[in-house]
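All chains are named by letter (A, B, ...) in the order of the sequence lines, taking the proteins before the strands, and each is independently numbered beginning at 1. No experiment lies behind these values; they were computed from the predicted model shown. Atom set for the values below is all heavy atoms of this structure, side chains included, hydrogens, waters and symmetry mates excluded.
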Protein chains: 2
Amino acid sequence: MTTAAAQNINTWMTHLSSESQFHISVDCAIFGYNGETLQVLLMECDFPAYKGKWSLVGDLLKQNETINNAANRILYENTQMDNVYLEQVESFSGIDRHPLGRVVTLAYYSLINTSDYEVVSPTHIRLEWQDLEEITELAFDHKLILSRCHIMLKKQMRLSPIAFDLLPEKFSLNQLQKLYEVVLGVEIDKRNFRRKLKNQGLLIDVDEIQCDVSHRPAKLYRFDYSKYKSINNGNKLSFMI
Amino acid sequence: MTTAAAQNINTWMTHLSSESQFHISVDCAIFGYNGETLQVLLMECDFPAYKGKWSLVGDLLKQNETINNAANRILYENTQMDNVYLEQVESFSGIDRHPLGRVVTLAYYSLINTSDYEVVSPTHIRLEWQDLEEITELAFDHKLILSRCHIMLKKQMRLSPIAFDLLPEKFSLNQLQKLYEVVLGVEIDKRNFRRKLKNQGLLIDVDEIQCDVSHRPAKLYRFDYSKYKSINNGNKLSFMI
DNA sequence: TCAAAAGTGTTGCCGCTACACCCATGA
DNA sequence: TCATGGGTGTAGCGGCAACACTTTTGA
């Protein structure tokens, strides 16, 4: 370099050199709950160095989009999933993380109900929901990315009511509890769970019960979104368990 | 594009096109505590569109470094500060955020004691510690970046004992309390603060008192780093207030 | 009548908040 | 003796964890 000042992007440089450019990609860890287990949406990798391996859903950033926009576009182009709320996690920039050259990636995650979306690859790439617990290896550094995304998912699950987007509008307390147990990977005491939820005052008893179950039917509840929005949650440390 | 598959970075593409490359930068919000106020280290912007404005310390990523490495290098090259622990916050990728073209930035923050470092610009760019409260405008989107960094700093302050790196090895409880109040921007009850800290069991009474003060001298404590490391902090939600 | 899941209360502990006065020192 | 900051205790409340039995339903 000539001088540091000459190259500093915030000082007097009048153009950006064409050296020191990078590819930027987005990789999405889409977590899915199917009522039983926590899964992750993977695509089969057709890339020579990782042929047959599975990878997160990802692609390159384009010129006229922000990274957030790219994340939504890339998810849509690969799976036809639309209106998915994606949360940015962090960047991964290992020098050799991609065989074809320098690619810096931004990781995103989401959590959805697998039955709310029909996942279709418009490009005939194989897509598959796989149980998180059974994933042992992924292409690139995606195993690392996935584990960081799962950590962030668990944090968010404790702080915001994302669980209620994964259940039918009317749900039982046992359904809700099971969801928390699966995503967080912990066991929860039933009585304490119910007390805490009821004390939050955000569940509405819809005065209905389960049908067609061969045991005592459970009462059903709705989550009170408008009440939740109306109370100040900015400084809450723990919304849930 | 031909087909989405043909362009997908995780599939059969055998080279990365030279289109769709980006500049990547790092911007560091270095927070400094001087015993009185919370400050931020800024550099004067010599860049035409923002001439005379102040900006965060930042520069471009180079080919053979990770973003974390770049953050440390950039901080060192601009300020001679070494061994500063930087924490990544998030990316900023607004399409028009930089006048010279597409520059995606990764924001970092740190918190240091201003008297522990002599800040020197090797390139004669003006560097200045400015009180956070008095900063009204910054170049680029750095005001936004700064506010996001401050939010992250406050979160970390509540979860990990970074405060103790900012004080002398032996400190009084009032010094510690003032630090928390300044960084978090809140008032704290003295008795509750002391009780909580003492119950943590991580302060060691060094059996010394302040010297040369014209009032009752305070007892001094050390933070017990080794005890802190030995206890499991992974699942703690709140280390401090 | 059985299997299967739903539902329910109490106790003890701990941490949080709110709050006001005396103490030790140097000037 | 005064000014300055240092230092202390209590009471009430609320949340959290641990823990086991009864109820309702359909098969």
Undergrad: Could you tell me the separation between the CG atom of B:L203 and the P atom of D:dG7, rounded to a whole number of Å?
TA: 13 Å
Undergrad: Going by the ring pair (Phe, Tyr, Trp, His ring centres under 6.0 Å) test, name the single residue among A:W54, A:F92, A:Y50 that passes it with A:F140.
TA: A:Y50
Undergrad: Who passes ring-ring contact (aromatic ring centres under 6.0 Å, His included) against A:F171, sequence neighbours left out?
TA: A:F164
Undergrad: Would you kindly give the CG-to-P distance between A:L197 and C:dA6, to the nearest whole Å?
TA: 15 Å
Undergrad: B:A218 side chain: which of C:dG9, D:dG6, D:dT24 is closest?
TA: D:dG6
Undergrad: I want to check one thing: is the phosphate of C:dC16, taken as OP1 and OP2, less than 4.0 Å away from some side-chain N or O of B:N192?
TA: no
Undergrad: So B:Q39 and B:T114, do their side chains get closer than 4.5 Å, heavy atoms only?
TA: yes
Undergrad: Choose from D:dT23, C:dT25, D:dT10 the nucleotide whose nearest atom is closest to any side-chain atom of B:P217.
TA: C:dT25
Undergrad: Taking all heavy atoms of B:L220 and all of B:S172, pick out the closest pair and write down the distance.
TA: CD2-N, 3.8 Å
Undergrad: May I ask you to verify if any side-chain N or O of A:N174 is less than 4.0 angstrom from the OP1 or OP2 atom of C:dA5?
TA: no
Undergrad: Could you say whether B:K190 or B:N199 is positioned toward the 5' end of DNA chain C, judged by the nucleotide with the nearest heavy atom to each?
TA: B:N199
Undergrad: Look at the side chain of A:R191 against the base of D:dA20 and say whether a donor-acceptor pair falls under 3.5 Å; ignore hydrogens and angles.
TA: yes
Undergrad: Here's a test of your reading of the structure: between A:D189 and B:V213, which maps to the more 5' nucleotide of DNA chain C?
TA: A:D189
Undergrad: For A:K178, answer base if it contacts any base atom (sugar-phosphate contacts may also be present), sugar-phosphate if it contacts only those atoms, and nothing otherwise; contact means non-hydrogen atoms under 4.0 Å.
TA: nothing
Undergrad: In whole angstroms, how far is the C1' atom of C:dA18 from the CD1 atom of B:I188?
TA: 15 Å
Undergrad: Let me know which of A:I30, A:L127, A:V84 forms a side chain to side chain contact (heavy atoms under 4.5 Å, CB included) with A:T79.
TA: A:L127
Undergrad: Could you tell me how far apart B:I209 (CD1) and D:dG6 (C1') are, to the nearest whole angstrom?
TA: 11 Å
Undergrad: Going by modelled atom types, is there a donor-acceptor pair between the base of C:dT8 and the side chain of A:R195 at under 3.5 Å?
TA: no
Undergrad: Rounded to whole angstrom units, what separation is found between the CD atom of A:Q177 and the C1' atom of C:dA5?
TA: 12 Å
Undergrad: Find the distance A:H215:NE2 to D:dA27:P and express it as a whole number of Å.
TA: 11 Å
Undergrad: In whole angstrom, give the distance that lies between atom CZ of A:R194 and atom P of D:dA18.
TA: 18 Å
Undergrad: Whole angstroms only, please: what is the CD-P distance between A:E187 and D:dA17?
TA: 14 Å
Undergrad: Examine C:dT17: is either OP1 or OP2 under 4.0 Å from a nitrogen or oxygen in the side chain of B:K196? Give yes or no.
TA: no
